[in-house]
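To start, the structure itself, in structure tokens.
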Amino acid sequence: MKLADNILDTPEQIPQRNGYGDGVVEAGDANENIVVLCCDLTESTRSAKFEAKYPERFIEVGIAEQNMAGISAGLAFSGKVPYMSSYATFSPGRNWDQIRVSICYSMANVKIMGAHAGISVGPDGATHQALEDIAITRVLPNLNVIVPCDYWETKKAAIQMAGIEEPFYMRFGRENVPVVTTEDTPYKIGKADTYRDGGDVTVIACGSLVYEALVAAENLSSEGIDVRVINSHTIKPIDETAIVTAGKETGAIVTAEEHQVHGGLGSAVAEVLSLHHPVPIEYVAIMDRFGESGEPNQLMKKFGLSSEGIIKAVKKVLKRK
Amino acid sequence: MKLADNILDTPEQIPQRNGYGDGVVEAGDANENIVVLCCDLTESTRSAKFEAKYPERFIEVGIAEQNMAGISAGLAFSGKVPYMSSYATFSPGRNWDQIRVSICYSMANVKIMGAHAGISVGPDGATHQALEDIAITRVLPNLNVIVPCDYWETKKAAIQMAGIEEPFYMRFGRENVPVVTTEDTPYKIGKADTYRDGGDVTVIACGSLVYEALVAAENLSSEGIDVRVINSHTIKPIDETAIVTAGKETGAIVTAEEHQVHGGLGSAVAEVLSLHHPVPIEYVAIMDRFGESGEPNQLMKKFGLSSEGIIKAVKKVLKRK
Amino acid sequence: MYYIKPLTPLCEVNDLGVTDEQINYIEDMANHIREDIIKMLVEAGSGHSAGALGTADIFATLYFHIMKNDPKNPDWEERDRFVLSNAHICPVLYATLAEAGYFPKEELLTLRKLGSRLQGHPHRGTLPGLEASGGPLAQGLSIAAGMAMADKIDGKRNRVYCMIGDGEMDEGQIWESLMFIGKNRLHNFTLIIDRNNIQIDGFTEEVMPLEPLKDKLTSFNFHVIETGGHNIRTLIESFKEAQDIFEKPTVLLAHTIPGKGVDFMEFKPEWHGKPPNKEEARKALAELRSLGGKITCEHE
Amino acid sequence: MYYIKPLTPLCEVNDLGVTDEQINYIEDMANHIREDIIKMLVEAGSGHSAGALGTADIFATLYFHIMKNDPKNPDWEERDRFVLSNAHICPVLYATLAEAGYFPKEELLTLRKLGSRLQGHPHRGTLPGLEASGGPLAQGLSIAAGMAMADKIDGKRNRVYCMIGDGEMDEGQIWESLMFIGKNRLHNFTLIIDRNNIQIDGFTEEVMPLEPLKDKLTSFNFHVIETGGHNIRTLIESFKEAQDIFEKPTVLLAHTIPGKGVDFMEFKPEWHGKPPNKEEARKALAELRSLGGKITCEHE
Ligand SMILES: Cc1ncc(C[n+]2csc(CCOP(=O)(O)OP(=O)(O)O)c2C)c(N)n1
Ligand SMILES: Cc1ncc(C[n+]2csc(CCOP(=O)(O)OP(=O)(O)O)c2C)c(N)n1
Ligand SMILES: [Mg+2]
Ligand SMILES: [Mg+2]
């Protein structure tokens, strides 16, 4: 699969949220039923770009995430395709019940955009670091859950989901992150992508950890360890085939995500493998604690959400193989 | 372990919620700092019993679950031990964000009581059937999560948690369910109980499925299949030792719960085993769909949350062993 | 394309006043709805009596006189929409839809049973005429606001009606929605508050006082129409007043009697969430039949 | 046991009026707090300027005159409690606590850094004097209500103060709490609304209009005291009025100027969530030092 050039030495850096901002405008160009809602965070979620171009299709809801979810459902029932945006801590955090009933149970064609996800939000501290959002959305029937790895993937997902008449949750980060893919890299919701082949062990990652997994794999290859890297951008429906094949072919798995160890991508992978081909798994994740203030890179290091953390986990899981 | 007599032929039937109602009164007798809050569901959550005895320590919050969570935190910070009660769909469903920050992040000594949990609520239908609450609470740091199996266990847990200065979530059902344990059966939060020994396969169950697991084990023993039954009443912190031992000694696991297949007890068990001793697992749970109206027993049958469902799963997992 | 019952071409006289015949017809419908509710609930063995009976007059007025709706064409683009936010009282909505012809009346008796389209709380998509799912209180109001917003964006002229319970107003989401509707001056939106003074744990002013409720609503930028919830003529006038207000959203603060029409249920919070047993149902039906739609009314 | 600064034995004259010396002292403190805020934010490189500067006078008045509090004994049972619900403006709270002596002032410069007790949003338990965690808006008000309720149950006489932002009032949870506080007539509770007319996306009356706000608060059964947010004497009078009301909770609808004291920040929504850069900080500090606490004021 074609990835960006030079990503391991001098990757381009763009925030994922820009991908949402650009993607929803492009989706909106093609479909005039697309409307965007926001809860007083229009600039930082990057909904501002859509607002600037289509002010009459932008709805400012104020700081009322519960209401935003219901309004979005109502708009969807009247034929609109709402993208509702806020920080991932507050939506789906504060409006989980509304997402459950008004959106998921009713199959409302609403796209939930969770910005500033993960610990990399940094200085704002624990309250603003969404580390549970994958777990609380993945458990909801009818909801698709997407965790893109970079700018391009966020953009492509934002555009692609407009064409699927189902509820979606997508989380993305605030900070600059390496651009792993290119404009032309194929992307399909529901299909995990193998970015690097390998036979000893598989790292299944999502979000910003995909890049770290590639770096880890490169480093490990110099030690003679042959690492497969899978970008599991769609958490739900999870790509069972890719996971089971990896389990069978490499016999050991590491999962990596900017999320709690319980209930997220790792948990989804464990469920799948336990059903089809149980193998040892190690988890690179937040170990059941709240985050804290700090610079994004300091925190990623401190919590082991880094290529070093992945390398350690790979070595550990290989011992258990 | 001493269980109730004759449970397999003529079990006594009591709703679990009565166990909470009786337990919180007993806890309140011993500790005058205990206060009870409710959101306009005082009778059906069984908080009414406490209200009748200690009206001045009962706080009616009206239909405002978010506020109830914050009020409880504030009471806890002032030395009270609040038990906040509502239906499990609304609390932790509508106040998840408040539980996360006001309670868990702040380590507020609050006990969250989720009544009417599971599909067995019946005729009220999907909106009232809490099938995601274990997943959305288990992912929260600092929160203990309890799913008792019967009247006595609900009562004992309600009393025992008063003595542990940490936040708790306990879910329990509405309907009559078989009384599996006795007043004297030892019970300790955090320690899973083996109710039946067996070497071929282990059923790890919680809530109303513990009884079904015992029935299934009895039936399977007549077919020569030797089933271990574990009551994993504490979902968090999960009893890793009991699970890993079962994985090692029986080599195949079935989990059973009145909850979605993603993110609940089964998922917790898969995480633990993948880390320590991966073995095949089959899941008895709701298969990622919303519930529906019907009589409790009809629904439990329809969704396979029954001894028959467990028997099927046991046979399936044994083939994969 | 309005929904017109053969005997009562109501819409043509919409602006000209209402005939006694029309009023009688709506009253009859309300009484049929009440009878249906009793039959459904006793058969289901669970469900909510008080709010359902208490709002039957409002439902009959809406579906048989006020709202543009066509039971044969439930997805009609130009229809007015109705969202039941206090969704636990859905037996009244189901009965109304069946009386209006959205689906066969026989189906009413499947309420809350396995496989029924009449779920314990409404499930959007299962049953013609249902605009939204409901159950967890306060969600319906936001959904209805979203529908009104969509109509506003599209420049449509149909209206959105939404009912909420008074106890339901304890929920913060209600106030978020009210602020939003006020901000956007959704004059195509009419809120109906079932002001029956009860919720599950007792009387609203004891459980969680709402008064001064009219002041609250005014301060949230609604045009408030205080009205009796049982006199059909008054209700029609109130709804018409609402249609005539163009600078603001309107709310009908409708004073209703919980359990209205069945003497032993009226004003009693304990009937919020209980169905009648067989004997009680027999008594209730006898009472309703003898009333023949002529329900006396205190709030007018 | 009141917290008494050596030079200003305020509490003894509490009911007798306030001396000019006392006023000057509080003004000085407010200006120190403002200087601290600028220094903290420029060092942190992120954080919220406007609300923090705009409420410095209120914080100085509370912690140096109104509230029973003892920095050497932060867990003192008889203390008044303060909860910051609009927790993003915590630099003003941290600076106030440091000025009052709850922890060393040097620590202020660790704001938002790895390992600091001064988290980007307050974390209860990390720092003396912090009564609650915050960040997700509206949670603090419920927590404060719970504290006031506990005091009521225990028959205690201390007071609970809570600040919320005006934008924060968009959240439904705020209205749930207000209803609850009104129901329980928590007269030991005083709410302070930072009515600075801005939130992140712009002016409140454009993003989500709150007016008529006073009517809203009255209809939620609060005694409303409208007050300027910068004149210390007015603030003291308002807080004393609040202490004297026994039949209701009170709210200070405090009109503040966002960014107050730093000319180029005042009234500008874009300073809601931005720190000054070095050059801006230099200018801001120069301005604050020359003011010497004498901030002129439009709302009084
Ligand atoms: C979010 C939420 N919390 C609690 C409930 C449980 N509940 C159902 S109806 C009801 C009382 C509603 O009172 P009101 O709106 O006045 O309806 P009425 O009793 O008058 O029919 C409650 C608390 C619910 N359905 N949703
Ligand atoms: C539940 C929630 N939603 C959104 C945010 C993001 N946020 C932080 S401050 C703010 C604006 C608050 O406005 P206001 O209360 O007026 O504070 P001011 O800007 O005046 O300081 C928003 C939307 C949040 N912290 N919590
Ligand atoms: Mg009511
Ligand atoms: Mg403001």
Side-chain angles (χ1 to χ4, degrees), chain B residues 37-45 47-48 51 55 58-71 85-98 116 119 121-130 174-175 289-303, chain C residues 40-41 43-48 86-88 90 110-126 132-140 164-176 198-210 269-270 272-275:
Chain B
L37 297 91
C38 196
C39 286
D40 198 25
L41 290 165
T42 308
E43 182 58 44
S44 56
T45 58
S47 290
E51 181 188 16
F58 174 79
I59 301 173
E60 171 67 77
V61 185
I63 314 169
E65 295 80 8
Q66 301 186 102
N67 193 33
M68 178 167 70
I71 303 246
S85 61
S86 181
Y87 290 168
T89 26
F90 311 132
S91 171
R94 182 157 298 193
N95 51 13
W96 185 87
D97 185 37
Q98 287 77 13
H116 288 40
I119 194 129
V121 167
D124 273 338
T127 57
H128 283 53
Q129 292 160 348
R174 173 186 197 279
E175 297 295 313
R289 56 154 288 176
F290 285 100
E292 59 179 290
S293 288
E295 289 307 313
N297 59 336
Q298 289 178 324
L299 293 173
M300 296 296 275
K301 282 244 150 58
K302 168 162 180 174
F303 290 100
Chain C
M40 293 163 78
L41 286 172
E43 173 71 23
S46 69
H48 301 75
N86 49 342
H88 58 282
C90 59
T110 66
L111 175 71
R112 291 180 157 249
K113 296 198 171 156
L114 192 66
S116 171
R117 300 197 291 178
L118 282 64
Q119 291 289 297
H121 294 82
H123 185 194
R124 185 177 189 278
T126 55
S133 304
L137 293 166
Q139 296 200 20
I164 61 175
D166 47 3
E168 186 177 10
M169 300 193 79
D170 300 353
E171 282 288 352
Q173 189 180 355
I174 293 291
W175 304 95
E176 293 181 0
I198 65 160
Q199 55 194 110
I200 296 183
D201 281 351
F203 294 106
T204 58
E205 299 314 292
E206 280 158 27
V207 175
M208 184 52 66
L210 293 171
E270 57 268 34
H272 153 92
K274 230 177 38 175

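All heavy atoms count here, side chains included; hydrogens, waters and symmetry mates do not. Chain letters run A, B, ... following the sequence lines, proteins first and then strands; every chain starts at 1.
For C:Glu168, the part sitting under 4.5 Å from any heavy atom of chain B is the backbone (N, CA, C, O) and nothing else. Using a 4.5 Å cut-off between heavy atoms, C:Ser46 contacts chain B through its side chain alone, with no backbone atom that close. If you measure heavy-atom distances from B:Leu299 to chain C, the contacts under 4.5 Å come from the side chain alone.
In this structure a side-chain-to-backbone donor-acceptor pair under 3.5 Å is missing from B:Glu292 to B:Ala126. In this structure a side-chain-to-backbone donor-acceptor pair under 3.5 Å is missing from C:His88 to C:His121. Between the side chain of B:Asp40 and the backbone N or O of C:Ile200, at least one donor-acceptor pair lies under 3.5 Å.
Atom CG of residue B:Leu41 and atom CD of residue C:Gln199 lie 10.0 Å apart, to the nearest 0.5 angstrom.
Ring geometry for C:His272 versus C:His48: interplanar angle over 60°, hence perpendicular rather than tilted (30 to 60°).
Here B:His128 and B:His116 keep their ring centres 6.0 angstrom or further from each other.
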| Step by step, would you call C:Ile164 with C:Met169 a side chain to side chain contact (heavy atoms under 4.5 Å, CB included)? | CA-CA 8 Å; C:Ile164 61 175; C:Met169 300 193 79; 3.8 Å; yes
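Ranked by non-hydrogen atom pairs under 4.5 Å with chain B, the options C:Gly47, C:Gly273, C:Pro136 are led by C:Pro136. Counting heavy-atom pairs under 4.5 Å between each of C:Asp201, C:Asp170, C:Val207, C:Leu111 and chain B puts C:Asp201 at the top. Counting heavy-atom pairs closer than 4.5 Å to chain C, the top-ranked of the candidates B:Gly62, B:Cys39, B:Gly125 is B:Gly62.
Using a 4.5 Å cut-off between non-hydrogen atoms, the part of residues 86-98 of chain B that approaches chain C consists of B:Phe90, B:Arg94.
Evaluation of the salt bridge (charged side-chain N to carboxylate O under 4.0 Å, His left out) rule for C:Asp166 yields C:Arg195 as partners, not counting sequence neighbours.
Taking each heavy atom of B:Phe303 and B:Phe290 in turn, the nearest pair found is CZ-O, 4.4 Å.
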